[in-house]
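We use all heavy atoms of the structure for the numbers below, so side chains are in, but hydrogens, waters and symmetry mates are not. Only a predicted model underlies this, so the values are computations on that prediction, with no experimental measurement involved.
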Protein chains: 2
Amino acid sequence: MNMRQTAEGTARPAGRPRSEKAEKAIVDATLDLLGEGIGVAELSIEAIAARAGVGKTTIYRRWSNKEDLVVDALATLKPPIPPLSGTSVRDDLVTYLRVLREESSHQRTRCIMNIAMSDSERHPRLAERFREIALEPRRTALRGVLRRGMETGELRADLDEEMAMAILSGAIMWYTKWHRSGVEPPEDVAERIVDEALTGFRASGW
Amino acid sequence: MNMRQTAEGTARPAGRPRSEKAEKAIVDATLDLLGEGIGVAELSIEAIAARAGVGKTTIYRRWSNKEDLVVDALATLKPPIPPLSGTSVRDDLVTYLRVLREESSHQRTRCIMNIAMSDSERHPRLAERFREIALEPRRTALRGVLRRGMETGELRADLDEEMAMAILSGAIMWYTKWHRSGVEPPEDVAERIVDEALTGFRASGW
DNA sequence: CAGTTGCGCTACGCTCCCGTTGCGAAACTC
DNA sequence: GAGTTTCGCAACGGGAGCGTAGCGCAACTG
């Protein structure tokens with residue numbers, strides 16, 4: 001037997017083991033560069049290697065192409081989902097949107113979002129991964145709040161879940177993205193969006 | 001006098017005049033390439049020249065850098081804004097959102113949008129121009145509908161215009177962008193968004 | 001110990017694009 | 001016709017990044 005058992009019981013081949021430190025450095029460097037606004041297309045292996053303090057070979061040995069590396073890098077990201085207490089639907093929604101607003105004030109988050117949005121056509125696997133990691137958990141959380149509200153009667157029983165989610169997430173996103181470029185949205189966007197959405201635009205008589 | 005007066009009365013220098021056809025071909029080629037998903041960063045002058053059937057020199061003679069060219073190219077785009085009859089706020093909003101949905105089904109529109117969104121950090125002039133040309137006219141139209149509704153009493157008088165606009169535009173955008181990648185949103189997204197937004201999420205007793 | 005594999009590094013040939021130059025023809029003015 | 005400018009085209013030297021290979025050392029196995 002020319003193999004050795006590791007702690008997990010998997011076989012380890014002879015020779016120097018791959019450095020986990022290098023691996024982490026590569027992933028970190030990738031996220032760093034993406035977070036600085038470098039798009040996937042311009043992202044070069046050489047730049048990553050330089051940033052990570054690593055030889056190009058070390059990268060090529062682990063990932064056969066750039067997309068794989070980026071996918072793996074994105075996979076290490078975990079978006080913060082706040083605890084949604086359930087005190088009231090309004091409170092939970094405000095809390096939820098506040099986190100989104102806070103997040104969007106970080107350049108790194110914005111850049112990652114940009115990549116997810118614009119490269120979704122050319123790199124479907126990337127978009128898929130992003131949806132899986134960042135989007136779905138949030139959708140689930142948000143959906144939970146809405147369902148709870150519909151059960152307790154705080155929300156209309158015939159509320160269109162999907163539309164409600166699109167309205168809330170879309171509004172905060174639109175606001176942070178388009179409402180005066182570079183200018184942060186007002187402190188109370190979250191509250192205001194939630195209140196308008198809960199109340200509805202229509203006047204009472206109609 | 002070694003100049004000749006053109007119809008407009010401006011002086012025309014001696015020599016072969018610049019070809020308007022070439023100019024148009026360059027701009028078209030640029031928009032074509034961007035519309036195929038090529039980002040601004042990867043967009044090469046050589047590719048534009050080849051696509052336009054034009055020498056590189058002809059491009060460099062008119063634009064000193066790529067950003068200028070892209071800005072000018074974007075400036076030729078005019079987004080369709082439907083006539084908003086004013087019959088009812090609901091109808092106008094549905095019409096408005098329907099156009100946005102229809103537009104977002106064209107790859108070209110999606111790519112241009114992507115560029116506007118993701119390159120806003122690195123090319124502020126570009127984002128500025130996009131806002132000016134595509135965004136503001138629509139915001140104005142949408143704002144008009146909302147104001148009219150507030151005057152006629154169809155909408156709440158204390159409606160937060162900005163929030164309402166963010167909710168409507170954001171919702172359709174979110175929906176077309178994120179709700180199942182590649183899958184077109186349902187036929188009646190526009191109606192559903194508008195109705196949920198007008199009615200509000202809250203149950204009547206609350 | 002010998003054997004194997006990973007490490008960082010340098011260097012290679014290759015491709016793409018840059019921005020510029022020179023060419024002969026075309027399209028103008030005077 | 002003489003002069004001027006633009007045209008498309010081909011070519012240039014140069015930089016950046018590709019993916020690969022070879023170096024000598026490091027870190028493992030047996």
Any pair counted as salt bridge (Lys or Arg N to Asp or Glu O under 4.0 Å), so long as it reaches residues 69-90 of chain A, sequence neighbours left out: A/R90-A/D195

Interatomic distance, B/K21 NZ vs D/dG8 C1' [rounded to whole Å]: 13 Å

Closest-nucleotide 5' rank along DNA chain D - winner of B/G15 and B/G53: B/G15

Residues that B/K56 engages under salt bridge (charged side-chain N to carboxylate O under 4.0 Å, His left out), provided they are two or more places apart: B/E46

Selection: residues 57-73 of chain A, any non-hydrogen atom under 4.0 Å of DNA chain D: A/T57, A/Y60

Value in whole Å for how far the P atom of D/dG8 lies from CD1 of B/I26: 7 Å

Whole-Å distance separating the CD atom of B/E20 from the C1' atom of C/dC28: 14 Å

Along DNA chain C (nearest heavy atom to each residue), the more 5'-positioned of A/K56 and B/K56: A/K56

Which residues share a side-chain hydrogen bond (donor to acceptor under 3.5 Å, both in side chains) with A/E154, sequence neighbours left out: none

Distance below 4.0 Å between B/R16 side-chain N/O and C/dA26 OP1 or OP2: no

d(CZ, B/R18; P, D/dG8) in whole Å: 12 Å

Nucleic acid contacts of residues 32-49 of chain A, taken as heavy-atom distances under 4.0 Å to DNA chain D: A/S44, A/I45, A/E46

Under 3.5 Å side-chain donor-acceptor pair for B/R202 and A/T199: yes

For B/D188, all residues meeting side chain to side chain contact (heavy atoms under 4.5 Å, CB included), sequence neighbours excluded: B/P186, B/E191, B/R192

Contacts of type ring pair (Phe, Tyr, Trp, His ring centres under 6.0 Å), residue A/F130, not counting sequence neighbours: B/W178

All pairs passing ring pair (Phe, Tyr, Trp, His ring centres under 6.0 Å) where residues 77-98 of chain B contributes a residue, at least two apart: none

From B/L198 atom CG to B/L155 atom CG, the distance as rounded to the nearest 0.5 Å: 6.5 Å

Residues in side-chain hydrogen bond (donor to acceptor under 3.5 Å, both in side chains) contact with A/R143, at least two apart in sequence or another chain: A/E161

Candidates D/dG8, C/dA27, C/dG6 - which lies nearest the side chain of B/P17: C/dA27

